[in-house]
**Q** 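Take this structure first; my questions come after.
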Amino acid sequence: MINRFMPIRAALIAATVATAAVSLPGLVHAQNAAKLANSQSGYHRIMIGEIEVIALSDGTIPLDSALLITDKRAEIATLLAKSFIKSPVDTSVNAFLIKAADKLILVDAGTAELFGPTLNKLPASLHNAGYEPEQITDILITHIHTDHTGGLMDGSRRVFPKAIVHVERKEVAYWMDPANKQKAPEGQKVFFDQAAVKFKPYVDSGQVKTFDGATELFPGIRSIPAPGHTPGHSLYSLESRGEKLVFWGDILHIAAVQLSDPSVTIQFDVDTRAAAQQRKLLLADAAQKKYMIAPAHVSFPGFGHLRHEGDEYRWYPIQYVNDASAAAK
Ligand SMILES: [Zn+2]
């Protein structure tokens with residue numbers, strides 16, 4: 001597969017080869033691999049006011065830090081080491097489920113088969129949480145990159161036959177226009193091909209409903225425009241009884257780096273300058289107003305808060321709690 005994710009796939013293969021090289025007997029290697037596989041159920045419930053929100057894991061992918069764009073390349077390894085991680089960075093792909101009064105709303109739809117065997121866990125995570133795709137009434141798409149929309153389709157089958165898919169108007173216009181593929185950098189052209197396979201069937205079936213900029217989509221649920229990563233990249237805020245959670249889409253790809261240096265962008269950004277600008281604004285807003293955020297690519301379950309400390313931001317993941325509904329009382 002020749003696409004922008006080749007460095008990721010190369011990193012994945014390199015890691016596999018390295019592991020195999022140090023464990024010569026195949027049987028021992030297989031046993032180790034079995035032990036290494038986490039048996040987590042892939043979902044995590046919290047309460048925002050009186051609304052239940054469930055983080056759903058689609059899995060993780062090793063992300064090569066070489067994909068980051070910066071004029072301070074040496075800084076990257078230093079920042080990763082400071083967080084006790086190294087490249088390739090095991091990066092979560094998180095989706096979320098909102099149990100609204102009479103709706104079952106998914107935020108993003110996972111990757112499906114597009115990025116290898118460490119992903120495509122969303123269907124199992126949803127099932128483990130007690131729901132099936134046919135029950136989903138609405139899907140809020142942060143943007144049409146295929147780690148957020150790949151899971152809409154399973155081959156030629158629409159996975160969510162009853163769902164209305166909400167996307168910002170400019171986002172749909174950008175990815176559905178073949179002229180934009182011609183203008184895009186070589187490495188980003190594949191996203192147009194994937195959008196045609198994974199997203200367009202929902203346009204054709206009449207299930208896509210666009211909105212413009214900042215809009216109230218459901219009671220307590222609003223879109224927040226954050227263009228840059230993609231032209232119609234949107235965050236979604238959920239408010240209930242004075243509590244607030246903002247689904248953060250792709251404001252962060254490698255938090256360990258971008259929380260310290262928000263000017264670092266990534267090769268998937270359609271407009272790197274605007275993406276960096278949005279990151280600076282949104283980091284400051286979340287830290288100042290202290291609402292909870294749920295980025296798509298921080299470690300699962302991906303719920304937490306930001307604090308501005310010194311000249312950088314620090315991520316505070318939520319405390320683990322066994323029973324979210326009991327904790328909310
Ligand atoms: Zn993403």
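Owing to the predicted nature of the structure, the values given are computational and were not obtained by experimental measurement. Every number for a ligand or one of its atoms is a count from 1 in the order of the listing.
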**Q** Would you say the rings of His305 and Tyr316 are close, in the sense that their centroids are separated by under 6.0 Å?
**A** no
**Q** What class does the angle between the rings of Phe303 and His44 fall in, given that below 30° is parallel, 30 to 60° is tilted and above 60° is perpendicular?
**A** tilted
**Q** Considering residues at least two apart in sequence or located in another chain, which fulfil the ring-ring contact (aromatic ring centres under 6.0 Å, His included) criterion with Phe218?
**A** His166
**Q** With rounding to 10 degrees, what does the angle Asp147:OD2 / the Zn ion (ligand 1) / His148:NE2 come to?
**A** 90°
**Q** How large, to 10°, is the angle at the Zn ion (ligand 1) when you draw lines to OD2 on Asp250 and to NE2 on His297?
**A** 110°
**Q** Do any of the N, O or S atoms of His143 sit under 2.8 Å from the Zn ion (ligand 1)?
**A** no
**Q** Can you name the residues that form a side-chain hydrogen bond (donor to acceptor under 3.5 Å, both in side chains) with Glu312, not counting sequence neighbours?
**A** Lys82, Ser260
